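Structure first, then comments.
In what follows, residues are counted from 1 in the order of the sequence shown. The structure displayed is predicted, hence computed values, not measured ones. Just so you know, ligand 1 is whichever comes first in the structure, and atom 1 is the first atom listed for that ligand.
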Amino acid sequence: MPILKILRRRGRPRQVVLQLTDRCNARCVQCGMNVANVGPRGDMDGDTAKRIIDHCARLGVSALSFTGGEPFLTGPLLYELLAYAGRAGIKYLRTGTNGYRFAHPEAPDFRDRVTGLAERLANTPVRNFWISLDSADAGVHEANRGFPGMVEGIRQALPIFHAHGLYPTANLALTRLLTGETALEAASEAQFYEKACHGLSVFFQTTADLGFTMANCCYPMSDADQEKGTQAVYAATAADARVTFADWEKRALFRAVLDTVPRHRGQLRIFTPRCAVSSLVRHYSGDGAGGRPCLGGVSFFYVDRFGNSFPCGYRGSENLGPFWDLGEDGLDGKAHCRACDWECFRDPSELLGPLGDLAAGPAGWLSLARGDVSQLGLWLSDVRYFAACGQFDGRRPPDGPRLARYADRPS
Ligand code: SF4
Ligand code: SF4
């Protein structure tokens with residue numbers, strides 16, 4: 001069904017990020033759920049998860065992500081829930097991994113192990129499957145995650161996934177590890193920008209060389225951001241200096257993303273929408289009201305492993321109660337928040353905003369016409385590119401000739 005029809009029929013498309021587990025076996029410096037952090041951990045109970053999925057279906061949720069921790073540590077539960085959500089009619093199902101299953105590719109059972117994983121996942125209705133990468137430098141990435149050999153393992157695993165009709169996305173975590181053994185640091189904003197552009201270019205090239213066909217940037221989220229008014233319930237933040245950036249560094253980093261992404265759009269289907277990145281550049285340039293407010297708590301929700309719903313993973317003080325009690329009247333209120341950069345919610349908020357305006361009738365059209373023309377231009381070019389990428393359907397190969405039209409485009 002065309003997106004405008006969905007918007008007219010029942011407001012904005014709704015998205016839920018469900019934290020299936022907060023257990024993890026990786027050591028990532030950028031995350032509070034790393035295995036070295038002690039504290040109670042566990043998985044969502046299967047019946048609770050199904051109750052949430054049933055309610056998602058009632059509310060017309062179109063996108064559901066099963067996140068962690070490491071979702072694959074839940075074993076058969078993940079596959080069962082993906083199948084259950086598919087039967088419930090939820091179309092955009094996503095999950096991902098830290099890649100631990102790709103470590104030690106030299107082991108004699110590696111190929112069988114990965115083939116089993118690909119077969120099992122391909123038998124679910126999952127639409128997008130992400131694998132995280134922290135650096136273009138394999139040694140730096142593997143040391144950060146704690147999984148030796150996993151980058152070579154990914155290289156060997158990707159053709160197996162492709163043969164099963166699954167096209168994984170590389171989730172590129174933007175931290176100071178981006179630039180490999182020399183941390184992303186510089187004395188001036190201009191130098192920082194240059195270094196980040198180079199790091200990103202190498203990162204995208206390496207991702208394509210590994211055999212990925214899709215990529216997405218995960219923006220840095222640190223504990224320091226909570227001092228600006230957020231409080232993470234989703235513990236994917238850390239105080240570590242490698243994920244903590246000053247505002248001027250973020251401005252330079254997002255400028256680098258804005259300018260580097262188009263140079264690689266012809267070789268990889270890169271989801272990261274430039275209209276969203278441009279808003280973040282404006283935000284970190286002092287335009288506090290720049291860009292669209294986030295749909296977290298309006299159309300998008302985060303559900304912790306106990307079934308509690310929150311406006312997002314970072315407004316932990318706003319527990320909205322069990323997700324299955326969330327009524328229609330609590331939805332589609334007025335978006336207002338710009339407190340963080342969480343790409344899971346900020347990117348789609350920017351992308352869906354103009355569609356919401358178009359669906360709203362004359363008042364929305366007027367607001368669109370009065371808006372920032374350059375921002376609208378970026379949005380239009382994102383929409384065209386998204387069409388060329390088959391709307392990032394991770395069950396379809398890239399359309400090579402169509403994508404090639406984006407090769408070597410500076411913007
Ligand atoms: S970023 Fe992901 S893989 Fe790394 S510690 Fe956190 S949950 Fe685990
Ligand atoms: S901007 Fe969105 S994701 Fe970030 S704190 Fe606000 S509602 Fe949450």
Using a 4.0 Å cutoff against the non-hydrogen atoms of Gly69, which atoms of ligand 1 qualify? 7 (S)
Would you call the rings of Phe204 and His264 parallel, tilted or perpendicular if under 30° counts as parallel and over 60° as perpendicular? tilted
For ligand 2, is Ala339 a contact, meaning one of its heavy atoms is under 4.0 Å away? yes
Please report the interatomic distance CZ(Arg23) to CZ(Arg41), rounded to the nearest 0.5 Å. 10.0 Å
Any side-chain donor near an acceptor of the partner, Glu70 and Thr97, under 3.5 Å: yes
Measure from atom 1 (S) of ligand 2 to every heavy atom in Cys312, Cys294, Pro311 and give the option owning the shortest one. Cys294
Give the contacting part of Gln30 toward ligand 1: side chain, backbone, both or neither, where contact means a heavy-atom distance below 4.0 Å. neither
I need the Asn98 CG to Asn25 CG distance, nearest 0.5 Å. 5.0 Å
d(Asp341 CG, Ser279 OG) to nearest 0.5 Å is 11.0 Å
Considering the heavy atoms of Arg145, write down every atom of ligand 1 situated less than 4.0 Å from one of them. 3 (S), 4 (Fe)
Which residue supplies the protein heavy atom nearest to atom 5 (S) of ligand 1, what is that atom called, and how far is it? Asn34 CA, 3.5 Å
Quick one: NE2 on His198 to OG1 on Thr179, what's the gap to the nearest 0.5 Å? 9.0 Å
Decide yes or no for Arg14 and Leu64: does some side-chain heavy atom of the first lie under 4.5 Å from some side-chain heavy atom of the second? no
re atom 6 (Fe) of ligand 1, the protein heavy-atom contact at minimum distance is Cys31 SG, 2.3 Å
I need the nearest protein heavy-atom contact for atom 8 (Fe) of ligand 1: residue, atom name and distance, please. Cys24 SG, 2.2 Å
Within less than 2.8 Å of atom 6 (Fe) of ligand 2, any N, O or S from Cys337? yes
For atom 4 (Fe) of ligand 1, find the nearest protein heavy atom and state the residue, atom name and distance (0.1 Å precision). Cys28 SG, 2.3 Å
